[in-house]
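Input: a single structure, listed below in structure tokens.
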Amino acid sequence: KFLEPVICDPKNRKIMYQMNNAIGSFLRTKGGLSLTGFEFNEERELKKLLQVTLNVSHAEGKVALNIPALNPARDIIASPGTRTVVWNIIIATCDMENISGNSYTTKLLMNYSDGLLEPQEIALPLEVPAGNLTIIAAGLNYSRTADKSGIVEESWWKTGKIVECFIKEL
């Protein structure tokens with residue numbers, strides 16, 4: 001549920017089954033298998049639509065998603081008629097023993113234009129408790145207006161992936 005904004009079709013049983021299996025494997029191996037890079041839309045993978053690499057920083061207990069400098073028109077493949085790229089950015093934590101958790105979601109609107117944008121650090125102000133599974137995910141959606149009111153609703157174009165996953169040491 002926490003990751004719904006980056007999942008192309010939350011009712012798609014195949015992708016949900018794959019994600020549940022991947023999380024289960026990650027937990028069984030105590031982080032030995034990586035969830036980083038898990039894609040939520042097999043037909044439109046974020047790694048193919050976004051030509052830059054996202055990363056996560058952990059400084060002084062704070063978590064942030066880092067978007068490097070990019071030229072939206074060159075570095076993002078978007079649906080026809082796109083004027084704005086809508087970034088969905090999520091951090092979610094889950095206490096696997098009590099099956100409880102918390103999440104923080106933010107959106108970033110980026111003009112889909114030709115021009116270099118400065119790097120951006122998106123703070124994710126959520127406490128990351130020790131021992132909890134933590135997932136940072138990012139996804140893109142597209143708007144045909146200057147804001148998010150004209151979002152393209154076709155799940156074909158909605159894309160997202162897990163940028164990082166970890167269990168904070170006790």
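From a predicted model like this one, the values you see are computed outputs, not experimental measurements.
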Notebook entry, point to check: How far apart are the C-alpha atoms of Val56 and Asn66, what are their side-chain angles, what is the distance that settles it, and do they pass the side chain to side chain contact (heavy atoms under 4.5 Å, CB included) test?
Noted result: CA-CA 6 Å; Val56 175; Asn66 299 299; 5.8 Å; no

Is there a side-chain contact between [X] and [Y], using heavy atoms and a 4.5 Å cut-off?
X: Glu42; Y: Ile15; result: yes
X: Ile135; Y: Ile23; result: yes
X: Ile67; Y: Leu108; result: yes
X: Val86; Y: Leu140; result: no
X: Leu126; Y: Val63; result: no
X: Leu70; Y: Met110; result: yes
X: Leu133; Y: Phe26; result: yes
X: Lys48; Y: Ile77; result: no

Search all heavy atoms of [X] against all heavy atoms of [Y] and return the closest pair with its distance.
X: Pro125; Y: Tyr104; answer: CD-CE2, 3.4 Å
X: Pro68; Y: Val52; answer: CG-CB, 3.6 Å
X: Ala64; Y: Ala123; answer: CB-CA, 4.2 Å
X: Glu164; Y: Phe166; answer: OE2-CD2, 3.4 Å
X: Ser113; Y: Asn71; answer: O-OD1, 3.4 Å

Spacing of [atom1] belonging to [X] relative to [atom2] belonging to [Y], to within rounding of 0.5 Å:
X: Ile136; Y: Ile162; atom1: CD1; atom2: CD1; value: 9.5 Å
X: Lys107; Y: Ile89; atom1: NZ; atom2: CD1; value: 10.0 Å
X: Arg144; Y: Tyr142; atom1: CZ; atom2: OH; value: 12.0 Å
X: Asn55; Y: Leu65; atom1: CG; atom2: CG; value: 7.5 Å
X: Leu35; Y: Lys161; atom1: CG; atom2: NZ; value: 13.0 Å
X: Ile90; Y: Thr105; atom1: CD1; atom2: OG1; value: 4.5 Å

Taking the side chain from [X] and the backbone from [Y], do they hold a donor-acceptor pair closer than 3.5 Å?
X: Ser143; Y: Thr84; answer: no
X: Thr159; Y: Leu46; answer: yes
X: Gln51; Y: Arg74; answer: no

Checklist line | Audit row: Asn111, Leu117, side chain to side chain contact (heavy atoms under 4.5 Å, CB included) steps and yes/no | finding: CA-CA 10 Å; Asn111 287 333; Leu117 300 179; over 6 Å; no

